[in-house]
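Just below is one structure, and these are the notes that go with it.
Order of listing sets the numbers, starting from 1, for every ligand and every atom in it. What you see is a predicted model; the values in this text were computed from it and never measured.
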Amino acid sequence: MERTFIMVKPDGVERRLAGEIIRRFETRGFNLVGLKLVQPDRALAEEHYAVHRERPFFGELVDFITSGPVVAMVWEANEAIKLGRSMIGALKPWEGVPGTIRGDYTTEVQTNLVHGSDAPETAEAEIALWFKPTELL
Ligand code: UDP
Ligand code: MG
């Protein structure tokens, strides 16, 4: 079994889509390993998106992620990382396939509702960044 870090971003919480997003992971058959509501500070958001530090959208992205509470989660399944990314859908809205979370609920590149780890190394780092070991099953 593999673990992945999934986060409902502030727009998802604001739009009352946290339950819908959790439901999709539950009904797909993932096991819930950790879950909490967090108001991220800038240091946490900057660390989470450190790979994008030099990108022109970095400042705005950190503003967005710190703009309200997020639902931080760890989900477990076979191939959880790839499966989670496929359920989330594409970054570019015009590539977002209906049936995916982004493809069903957003037209925006930034306010795209949900984050999911993209590789085993990032999953491990993100889980360790957002959760203490005692907060996980
Ligand atoms: N993002 C943005 N502008 C861009 C590209 C990305 O605001 O031009 C935001 C968006 O919220 C995205 C996040 O930065 O989810 C991380 O970008 P990445 O390319 O890693 O996409 P993801 O892994 O979330 O699909
Ligand atoms: Mg990414």
Residue, atom name and distance, where the atom is the protein heavy atom closest to [atom]:
{"atom": "atom 9 (C) of ligand 1", "value": "Leu61 CD1, 3.6 Å"}
{"atom": "atom 24 (O) of ligand 1", "value": "Arg102 NH2, 3.0 Å"}
{"atom": "atom 20 (O) of ligand 1", "value": "His52 NE2, 2.8 Å"}
{"atom": "atom 7 (O) of ligand 1", "value": "Gln110 CB, 3.3 Å"}
{"atom": "atom 19 (O) of ligand 1", "value": "Leu91 CD2, 3.5 Å"}
{"atom": "atom 8 (O) of ligand 1", "value": "Phe57 CD2, 3.5 Å"}

Which of the numbered atoms in ligand 1 are under 4.0 angstrom from any heavy atom belonging to Asn112?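 With Asn112 as reference, the close atoms of ligand 1 come out as 10 (C), 11 (O), 12 (C), 15 (O).
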Numbering the atoms of ligand 1 from 1, which are under 4.0 Å from a heavy atom of Arg85?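 The atoms of ligand 1 under 4.0 Å from a heavy atom of Arg85 are 22 (P), 23 (O), 25 (O).
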Do you know the tightest heavy-atom contact between [X] and [Y]?
{"X": "Asn112", "Y": "Val109", "value": "ND2-O, 3.1 Å"}
{"X": "Arg15", "Y": "Tyr105", "value": "NH1-O, 2.7 Å"}
{"X": "Val71", "Y": "Leu35", "value": "CG1-CG, 4.1 Å"}

Under 3.5 Å: donor-acceptor pair, side chain of [X], backbone of [Y]:
{"X": "Ser117", "Y": "Phe5", "answer": "yes"}
{"X": "Asp104", "Y": "Gly99", "answer": "yes"}
{"X": "Glu46", "Y": "Val62", "answer": "no"}

Looking at Phe64, is Lys9 sitting on its ring face, NZ or CZ under 6.0 Å from the six-membered ring centre and within 45 degrees of the normal?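 No.
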Ionic contact status for Glu26 with Arg23, cut-off 4.0 Å: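 A salt bridge is absent here (no side-chain N lies under 4.0 Å from a carboxylate O).
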Using a 4.0 Å heavy-atom cut-off, which part of Lys9 comes near ligand 1: side chain, backbone, both, or neither?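 The side chain, only.
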Have a look at ligand 1 and work out which part of Thr111, if any, has a heavy atom under 4.0 Å from it: side chain, backbone, both or neither.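 Within the 4.0 Å criterion, Thr111 makes no contact with ligand 1.
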Would you say Glu108 contacts ligand 1, with heavy atoms under 4.0 Å as the rule?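 No, Glu108 has no heavy atom closer than 4.0 Å to ligand 1.
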Tell me whether Val109 reaches ligand 1 (any heavy atom closer than 4.0 angstrom to a ligand atom).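 Yes.
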